[in-house]
**Q** 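After the structure tokens below, expect a handful of questions from me.
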Amino acid sequence: VNDSYGHGTGDQLIRAVAAGLEVLIPQGAVLARIGGDEFAIAFLSDSENAAALQLAEQILDFLVEPLEIGRRVVVVGASIGIAMSPSGTVGREELVRRSDLAMYKAKEAGRARMTLYDPSMDADREQRNALELDLRIAIESGDLTLAYQPLIDAATHAMTGVEALVRWNRPGHGPVSPELFIPIAETSGLIESLGLFVLRKACETAKQWPELNVSVNVSPGQFRNPAFTDYVRYVLKQTEIEAGRITLEITEGYMIQNPQRTRQSIERLKALGVKVALDDFGSGFSSIGYLRQFGFDRIKIDRSLVMGVNDKRQREMLQATVALARSLDIPVTAEGIETEEQATAMRLFGCDCLQGYMFGKPVASDLITEMLNE
Ligand code: C2E
Ligand code: CA
Ligand code: CA
Ligand code: CA
């Protein structure tokens, strides 16, 4: 069961979901709560997968409707994994293990999904476990590095800042994309130590470049931690960096789920003196209504939007998105600029800062220093 917890509705919510499931399950089925927000349903059927798929669909349909918990309305979803034991050939524990594995696959695919177990999932899981182990070792032994990508003033084309991007050269495998390992760090409890490493390293390095602002990505798993502000304060103090030169970039996902808490966290971070930017704007939910209240210092337009600059309809969307940010008096960065055409358009629309391969790929800190000395 997935929902936005943290409203004091946790237990009530679980009970409400359980009550709904009880109504849905067939005669003779067993319903068990097997973890905090995990349920298992076991039942006998004489069809192959049909009965299980049908039940899963009914459950997802039931959960689509918002639940009333006390005086709150809560939106809930579920990820469902299904495993079968034809003629009882699969043992009970193995059956639970398989459905659990399928459930994680469903979760990865997005919210409100159901997935049938298949044996290839075991191989996937093993690879993932190996990756996770290597990542853990890399974090502990300081084998991650940071690359820095120039942020360019749209009017003067001067470099005004850099974005720190984490890099991992996995022994025996080569470079692994952060798009792959950040989500793994998120789900395996490694994101905090990874994030702390990145923040500390970026702040230390920033001291070499007094003229630059340094942006650091913060993932939802870090932001969710109530102690996050404390460790930002700690790193700022430890590295003796001027807080106003650090920008933390956060994405929309978590913000939408927890607007209240996000607002508080942003306020506390800004009280430390750091800047807070909204990353990947226009790529997902874009809850325009909130934007002003959050007090972002900057908005970054997602590369996927910038890419559409040549298409008439996408161009209009893009222009409207930038205009919206600007109407809130928030400065706007365009990311993923690869062509002169894109740069010109984004400047025209009102972006004051540009970022992309056209101006510079992410590079080692030494190269940034060289560029500054040119
Ligand atoms: P992001 O924050 O949106 O970072 C921008 C990504 O776009 C980077 O990919 C950058 O290399 C790429 N990029 C920049 N300009 C261009 C361009 O002109 N064309 C193209 N095709 N790509 C461009 P990268 O380094 O692979 O990072 C991917 C994502 O991983 C980041 O997206 C960010 O969400 C995440 N990430 C990277 N480093 C960190 C980190 O230290 N902490 C956290 N939490 N997330 C990170
Ligand atoms: Ca970013
Ligand atoms: Ca981005
Ligand atoms: Ca992105």
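Read the numbers this way: they start at 1 and go in the same order the structure lists the ligands and their atoms.
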**Q** Do the numbers put Arg128 on top of the ring of Tyr104, so that NZ or CZ is under 6.0 Å from the six-membered ring centre and no more than 45° off the axis?
**A** no
**Q** Is there a donor-acceptor pair under 3.5 Å between the side chain of Asp297 and the backbone N or O of Val276?
**A** yes
**Q** Check this for me - ligand 1, Gln355, N or O atoms closer than 3.5 angstrom, yes or no?
**A** no
**Q** Tell me whether Arg98 contacts the main-chain N or O of Ser85 through its side chain, where contact means a donor paired with an acceptor under 3.5 Å.
**A** no
**Q** Using a strict 4.0 Å cut-off to heavy atoms of Glu179, name the atoms of ligand 1 that fall inside it.
**A** 28 (C)
**Q** N/O to N/O below 3.5 Å, does that happen between Glu249 and ligand 1?
**A** no
**Q** So, Ser87 side chain and Thr89 main chain: donor-acceptor pair closer than 3.5 Å or not?
**A** no
**Q** Would you call Asp122-Arg125 a salt bridge at under 4.0 Å N-O?
**A** no
**Q** Could you list the atoms of ligand 1 found under 4.0 angstrom from a heavy atom of Glu338?
**A** 17 (C), 18 (O), 19 (N), 20 (C), 21 (N)
**Q** Could you tell me whether the side chains of Glu186 and Ser219 share a donor-acceptor contact shorter than 3.5 Å?
**A** yes
**Q** In total, how many protein N/O/S atoms does one find closer than 3.0 Å to the Ca ion (ligand 2)?
**A** 4
**Q** Between Lys300 (side chain) and Glu335 (backbone), is there a donor-acceptor pair under 3.5 Å?
**A** no
**Q** Working to the nearest 0.5 angstrom, can you tell me the gap between Leu63 CG and Ile80 CD1?
**A** 7.5 Å
**Q** Quick one: does Pro362's side chain get under 4.5 Å of Arg167's, heavy atoms only?
**A** yes
**Q** Counting only heavy atoms, which portion of Ser219 has something under 4.0 Å from ligand 1: side chain, backbone, both, or neither?
**A** both
**Q** Identify which of Leu144, Leu165, Val306, Val218 has a heavy atom lying nearest to atom 31 (C) of ligand 1.
**A** Leu165
**Q** Output the list of atoms in ligand 1 that are nearer than 4.0 Å to some heavy atom of Glu163, sorted by atom number.
**A** 2 (O), 4 (O)
**Q** Quick one: are Ile14 and Asp37 in side-chain contact, heavy atoms under 4.5 Å?
**A** yes
**Q** Should Glu335 be listed as contacting ligand 1, given a heavy-atom distance under 4.0 Å as the test?
**A** yes
**Q** Is it the side chain (CB and beyond), the backbone, both or neither of Asp279 that lies under 4.0 Å from ligand 1, heavy atoms counted?
**A** side chain
**Q** Would you say Arg167 touches ligand 1, if touching means a heavy atom closer than 4.0 Å?
**A** yes
**Q** Please determine if Asp280 has a nitrogen or oxygen closer than 3.5 Å to a nitrogen or oxygen of ligand 1.
**A** yes
**Q** Using a 4.0 Å heavy-atom cut-off, which part of Gln149 comes near ligand 1: side chain, backbone, both, or neither?
**A** side chain
**Q** Can you see whether Tyr234 has Lys237 sitting over its ring - NZ or CZ less than 6.0 Å from the centre and within 45° of the normal?
**A** no
**Q** Please classify the Arg303 to ligand 1 contact at 4.0 Å (heavy-atom distances, strictly less than): side chain, backbone, both or neither.
**A** side chain
**Q** State the atoms of ligand 1, each with its element, that fall below the 4.0 Å cut-off from a heavy-atom position in Ile182.
**A** 42 (N), 43 (C), 45 (N), 46 (C)
**Q** Do Ile368 and Met159 come close enough that some side-chain heavy atom pair is under 4.5 Å?
**A** yes
**Q** Do any nitrogen or oxygen atoms of Val166 lie less than 3.5 angstrom from nitrogen or oxygen atoms of ligand 1?
**A** yes
**Q** Have Asp280 and Thr251 got a donor and an acceptor in their side chains that come within less than 3.5 Å?
**A** no
**Q** Over 60° means perpendicular and under 30° means parallel, so classify the ring planes of Phe294 and Phe296, tilted if in between.
**A** tilted
**Q** Show me which atoms of ligand 1 lie under 4.0 Å from any heavy atom of Gly336.
**A** 15 (N), 16 (C), 17 (C), 18 (O)
